[in-house]
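Data block below; observations after.
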Amino acid sequence: MSYRNKTYVAFASEDIRSYRLMEAWRENKNIDFNFYDAHDLYISRDTSSRETIKRNLRERMKNAKQFVLLGSANAKRKGGDGYSFLAYEIEAIVNLDLPVVIANLDGGRTVNRNFIPKPLLDVDYYTMSVSFQPAIIKYALDNYAEAYARSSNTGCYQYKPSVYEQLSL
């Protein structure tokens, strides 16, 4: 199961509460959700230089098998600004050619181009958009991410409503 590999969660700093919620889901014995967090590797201090932080981010990403992008207007803005650390992460995602599950923080189950950074849209990157819920994120990591390397798909995708129904969502 792919979620047992390192998963890199990329997000705009304004969305850190949602990332913390994902960590809480992982620790909750009543929620079937787990990921081996790439953020546990190569820790940077707030006093680290920009280049040191980027180097550590790159090392974390090289250890990742898949990415979850917390989709929001902030993520779109920062992921496409060419300067922020999220923009650097988005560039690395494309260069590493790894699967990206976009978890829509507004709970939407469809592709929301207002949440996807422009660099991913510009290259027609194969992504899977899901709602920000543990069951569907886990499903995407187990299914879409695992099949990504064998696929020739491009562009933004979403699951049919029947997948959510199957997961009782």
(request) For residues I93 and P119, determine if any side-chain heavy atom of one lies less than 4.5 Å from a side-chain heavy atom of the other. (result) no
(request) Measure across D15 and L70 and return the closest heavy-atom pair with its distance rounded to 0.1 Å. (result) O-CD1, 4.1 Å
(message) Less than 4.5 Å apart, side chain to side chain, heavy atoms only: is that true for R58 and Y88?
(response) yes
(request) Locate the shortest heavy-atom distance separating G82 from A87; write the atom from each residue and the value. (result) N-CB, 3.6 Å
(message) Can you list everything that forms a side chain to side chain donor-acceptor pair (under 3.5 Å) with Q133? Sequence neighbours excluded, please.
(response) S131
(request) Side-chain contact test, heavy atoms from C-beta onward, threshold under 4.5 Å: evaluate it for V94 versus Y125 and give yes or no. (result) yes
(message) Quick check for you: to the nearest 0.5 Å, what is the distance between R77 atom CZ and N114 atom CG?
(response) 13.5 Å
(request) Verify whether one side chain among D81 and S84 offers a donor that lies under 3.5 Å from an acceptor in the other. (result) yes
(message) If I compare all heavy atoms of G80 with all of P117, which pair ends up nearest, and what's the gap?
(response) N-CB, 4.2 Å
(request) Look up atom CD1 in I31 and atom NZ in K138, then write down how far apart they are to the nearest 0.5 Å. (result) 12.5 Å
(message) For residues F132 and V9: do they belong to one hydrophobic cluster (side chain heavy atoms under 4.5 Å, members Ile, Leu, Val, Met, Phe, Trp, Tyr)?
(response) yes
(request) Heavy atoms only: give me the nearest A140-V130 pair and the separation to one decimal. (result) CB-CG1, 4.1 Å
(request) Let me see the working for I102 and I116 under side-chain contact (heavy atoms from CB on, under 4.5 Å), right down to the final yes or no. (result) CA-CA 8 Å; I102 299 172; I116 303 172; 3.5 Å; yes
(request) Could you go through the side-chain contact (heavy atoms from CB on, under 4.5 Å) check for S129 and N104 one step at a time? (result) CA-CA 7 Å; S129 292; N104 295 321; 4.0 Å; yes
(request) Nearest 0.5 Å please: distance from the CZ atom of R109 over to the CG atom of L169. (result) 6.0 Å
(message) Suppose we call two aromatic rings close when their centres sit under 6.0 Å apart. Are Y139 and Y159 close by that rule?
(response) yes
(request) Can you see which heavy atom on N153 is nearest to which on Y157, and at what distance? (result) CG-OH, 3.6 Å
(message) In this structure, would Y19 and F115 fall into the same cluster of hydrophobic residues linked by side-chain contacts under 4.5 Å?
(response) no
(request) Would you indicate whether the side-chain heavy atoms of C156 and L121 approach each other to under 4.5 Å? (result) yes
(request) Give, for atom CG of L21 and atom CD1 of I16, the distance between the pair rounded to the nearest 0.5 Å. (result) 12.5 Å
(request) Starting at CG of L86, measure out to CG of N74 and round the result to the nearest 0.5 Å. (result) 9.5 Å
(request) Assess the side chains of T7 and Q66: does a donor N or O sit below 3.5 Å from an acceptor N or O? (result) yes
(message) Between E14 and K78 (salt bridge meaning N to carboxylate O under 4.0 Å), is one present in this structure?
(response) yes
(request) Would you check if T127 and V111 make a side-chain contact, meaning some heavy-atom pair closer than 4.5 Å? (result) no
(request) In sequence, state the C-alpha distance, the side-chain angles, and the governing distance for L105 and F11, and then conclude on side-chain contact (heavy atoms from CB on, under 4.5 Å). (result) CA-CA 10 Å; L105 294 184; F11 54 91; over 6 Å; no
(message) When you compare the side chain of M22 with that of V68, does any pair of heavy atoms fall below 4.5 Å?
(response) yes
(request) Give the minimum heavy-atom separation between F33 and P134, together with the two atoms involved. (result) CD1-O, 3.3 Å
(request) To the nearest 0.5 angstrom, please state how far the CE atom of M128 sits from the CD atom of Q158. (result) 8.5 Å
(message) Before we go on, tell me: are the rings of Y144 and Y126 under 6.0 Å apart, centre to centre?
(response) yes
